[in-house]
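Just below is one structure, and these are the notes that go with it.
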Amino acid sequence: RNRTGLMTAKKGMVKKYAGALYNIAVQQEDVKEVSKRLKFISAVLKAVPELNQLLITRRVSSKNKFAILNKVLGGRISDLEKDLIFHLLEDGHFLLFNEIVKRFDYLVETDSNVVKVRITSPQVLPEEEIQKISSRVENQLNKKVDIYTETDPALLGGIKLRIGNTLIDSSVSNRLMKLRNTLVRV
């Protein structure tokens with residue numbers, strides 16, 4: 001087969017695996033956790049290249065690869081991820097794992113009823129403040145929100161909200177910058 005044919009076949013497999021995984025995660029109401037565990041597995045494979053090599057080599061049986069991976073990650077991943085990995089190993093498609101994780105994230109991102117929201121604040125926000133922001137965004141968009149928080153002391157005050165691909169910046173540092181730009185223009 002020619003190269004484009006192979007790429008198309010690969011893309012199709014990535015979509016098939018990620019789609020099946022996503023549908024099960026939705027049924028189990030576990031999308032956010034599955035996403036976290038997939039990222040964890042990816043991080044481990046990145047941090048331990050030898051493990052990644054072991055999983056893609058043809059010299060070790062898929063049964064042994066699975067047993068090793070299960071020993072390494074066993075308690076940290078669910079049966080869902082184990083099934084995915086087992087099938088990828090059995091079919092000799094483990095190389096697609098990272099692409100499947102990316103596709104899964106894409107499905108989470110574009111799913112009609114889940115939106116990612118990143119709250120950046122100068123210091124850690126109290127839980128009730130996060131809940132307040134979360135429910136306001138949920139009501140505005142009529143979607144479930146997947147909240148991530150991070151701190152950035154450079155903001156001085158206020159917060160930055162990234163909802164999907166939209167950034168709402170009400171930080172003090174941003175307001176000061178706008179003021180400075182206005183003064184420079186005068």
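- One hydrophobic cluster, built from ILVMFWY side chains closer than 4.5 Å, holds both L88 and V72.
- L21 places a side-chain heavy atom less than 4.5 Å from the side chain of L38.
- Closest approach of F104 to A25, counting heavy atoms only: CZ-CB, 4.1 Å.
- Y148 and L161 fall into different hydrophobic clusters, where Ile, Leu, Val, Met, Phe, Trp and Tyr residues are linked whenever their side-chain heavy atoms come under 4.5 Å apart, directly or through other members.
- Atom NZ of K15 and atom CD of E99 lie 12.0 Å apart (nearest 0.5 Å).
- With hydrogens and angles ignored, the 3.5 Å screen pairs no side-chain donor or acceptor of N64 with any backbone N or O of V60.
- Atoms CE and CG, on M13 and L95 in that order, are 10.5 Å from each other to the nearest 0.5 Å.
- Atom CG of D83 is separated from atom CD of E90 by 11.5 Å, given to the nearest 0.5 angstrom.
- Across every non-hydrogen atom of L84 and F97, the tightest pair is CD2-CE1, 3.9 Å.
- Counting only heavy atoms from C-beta outward, the side chains of F66 and K82 approach each other to under 4.5 Å.
- The minimum heavy-atom distance linking S134 with V145 is given by the pair OG-CG2, 3.1 Å.
- Minimum interatomic distance between P122 and G158 (heavy atoms only, all atoms of both residues): CD-O, 3.1 Å.
- No more than 12 heavy atoms of other residues, nucleotides or ligands shown are found within 6.0 angstrom of OH on Y106.
- Judged by a 6.0 Å distance limit and a 45° cone about the ring axis, R103 is not positioned over the six-membered ring of Y17.
- Across A47 and P49, no two heavy atoms sit closer than the pair O-CD, 3.3 Å.
- Looking at heavy atoms from C-beta onward, L45 lies in side-chain contact with L55 at the 4.5 angstrom threshold.
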query: Hey, mind stepping through S170 and I159 against side-chain contact (heavy atoms from CB on, under 4.5 Å) and telling me if it holds?
result: CA-CA 6 Å; S170 69; I159 62 167; 3.9 Å; yes
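- How far CG of N174 is from CG of L155: 9.0 Å, rounded to the nearest 0.5 Å.
- Side-chain contact check for I41 versus I85: some heavy-atom pair is nearer than 4.5 Å.
- Looking at S135, its side chain does come within 3.5 Å of a backbone N or O of Q131 through a donor-acceptor pair.
- Side-chain contact between L69 and L51 is present, with heavy atoms from C-beta onward closer than 4.5 Å.
- Among residue pairs with one or both ends in residues 30-56, those qualifying as salt bridge (charged side-chain N to carboxylate O under 4.0 Å, His left out) are D30-R37, K32-D146, E33-K36, R37-E81, K39-D105; sequence neighbours excluded.
- For V101 against S42, the heavy-atom pair with the smallest separation is CG2-OG, 3.8 Å.
- Sorted by first and then second residue, the salt bridge (charged side-chain N to carboxylate O under 4.0 Å, His left out) pairs with a member in residues 150-179 read R118-E150; sequence neighbours excluded.
- Counting heavy atoms from C-beta outward, I168 and I163 have side chains that approach closer than 4.5 Å.
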message: Checking L125 against I133 for the side-chain contact (heavy atoms from CB on, under 4.5 Å) test, could you report, in this order, the C-alpha distance in whole Å, the side-chain angles of both residues, the deciding distance, and whether it holds?
response: CA-CA 11 Å; L125 291 174; I133 294 167; 4.3 Å; yes
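- For F86, the CZ atom is loosely surrounded, since the number of other residues' heavy atoms within 6.0 Å does not exceed 12.
- Taken to the nearest 0.5 Å, the CZ atom of F94 stands 13.0 Å off from the OG1 atom of T57.
- Atom OG of residue S78 and atom CG of residue L73 lie 11.5 Å apart, to the nearest 0.5 angstrom.
- For the pair I77/N70, no side-chain contact is recorded, criterion being any heavy-atom separation below 4.5 Å from C-beta on.
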